[in-house]
Participant: 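Starting off with a structure, shown below.
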Amino acid sequence: GTIQVSVSQRQTLDQTAAVKTDVYGDYYNADTRTLLSILKLAGEPHDYVNMNTLQNEHRVSKSAYQAVNPSGQIPTMLEGSYKILGGNNA
């Protein structure tokens with residue numbers, strides 16, 4: 001059979017599908033590579049923002065990344081209003 005979806009349910013589904021996933025990390029970091037691999041295997045579209053840890057891009061105060069993750073640790077994944085912090089962010 002077919003599934004009936006109301007207009008409001010359809011709008012909710014469309015909004016959910018439009019949520020963008022951003023991953024901040026350094027490809028030479030094992031946790032970042034693991035996260036990127038999982039997203040790729042799951043077929044989850046995402047944008048990757050490379051943070052060069054050798055140049056301390058993730059720790060520079062007042063950087064755009066500090067607004068995303070004040071601890072400066074990587075990786076960080078943003079999806080809509082949800083934020084998943086990597087490292088020792090307890």
Side-chain angles (χ1 to χ4, degrees):
T2 59
I3 298 173
Q4 296 291 328
V5 178
S6 70
V7 172
S8 62
Q9 288 172 323
R10 180 65 186 176
Q11 289 172 342
T12 301
L13 291 172
D14 289 343
Q15 289 171 353
T16 303
V19 173
K20 181 179 152 195
T21 301
D22 294 323
V23 176
Y24 294 80
D26 186 339
Y27 191 75
Y28 295 105
N29 173 272
D31 294 332
T32 299
R33 287 193 312 271
T34 300
L35 177 58
L36 292 172
S37 296
I38 291 169
L39 291 171
K40 184 175 181 177
L41 288 171
E44 178 69 29
H46 60 279
D47 290 332
Y48 173 66
V49 180
N50 188 56
M51 306 300 302
N52 187 334
T53 56
L54 294 176
Q55 294 180 354
N56 284 324
E57 289 180 351
H58 61 304
R59 300 239 185 239
V60 177
S61 63
K62 298 183 182 177
S63 69
Y65 185 63
Q66 287 290 311
V68 173
N69 185 350
S71 74
Q73 295 181 327
I74 58 169
T76 297
M77 184 172 91
L78 303 175
E79 185 173 71
S81 61
Y82 296 99
K83 185 184 299 186
I84 300 173
L85 307 175
N88 295 322
N89 296 297

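Since the model is a prediction, treat every value here as computed from it, not as a measurement.
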Participant: Can you list everything that forms a side chain to side chain donor-acceptor pair (under 3.5 Å) with Asn50? Sequence neighbours excluded, please.
Facilitator: Tyr48

Participant: Counting N and O atoms only, with roles assigned by atom type, does the side chain of Lys83 sit under 3.5 Å from a partner on the main chain of Thr76, one being a donor and the other an acceptor?
Facilitator: no

Participant: Could you give me the CA-CA distance, side-chain angles and deciding distance for Asn69 and Tyr24, then say whether side-chain contact (heavy atoms from CB on, under 4.5 Å) is met?
Facilitator: CA-CA 10 Å; Asn69 185 350; Tyr24 294 80; over 6 Å; no

Participant: To the nearest 0.5 angstrom, please state how far the CD1 atom of Ile38 sits from the CZ atom of Arg33.
Facilitator: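 Rounded to the nearest 0.5 Å, the CD1-CZ separation comes out at 13.0 Å.
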
Participant: Would you call Thr53 and Asn29 a side-chain contact if the rule is heavy atoms closer than 4.5 Å?
Facilitator: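 Side chain of Thr53 against side chain of Asn29, heavy atoms only: no contact under 4.5 Å found.
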
Participant: Please round to the nearest 0.5 Å and tell me the distance separating atom OH of Tyr65 and atom CD of Gln73.
Facilitator: 8.0 Å

Participant: State yes or no: do Val23 and Leu85 share one hydrophobic cluster built from I, L, V, M, F, W and Y residues joined by side-chain heavy-atom distances below 4.5 Å, directly or via other members?
Facilitator: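 No, separate clusters.
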
Participant: Tell me, do His46 and Met77 make a side-chain contact under 4.5 Å, heavy atoms counted?
Facilitator: no

Participant: Hydrophobic clustering (ILVMFWY, side-chain heavy atoms < 4.5 Å, transitive) - are Leu36 and Ile84 grouped together?
Facilitator: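 Yes; tracing contacts between hydrophobic side chains, which count when under 4.5 Å, links both residues.
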
Participant: Do Asp47 and Lys20 have side-chain heavy atoms sitting under 4.5 Å apart?
Facilitator: yes

Participant: Looking at every non-hydrogen atom in both residues, tell me the closest pair between Thr32 and Pro75 and how far apart they are.
Facilitator: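 In terms of heavy atoms, the two residues are closest at OG1-CB, 3.5 Å.
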
Participant: How long is the gap from CG on Asp31 to CG on Leu35, to the nearest 0.5 Å?
Facilitator: 9.0 Å

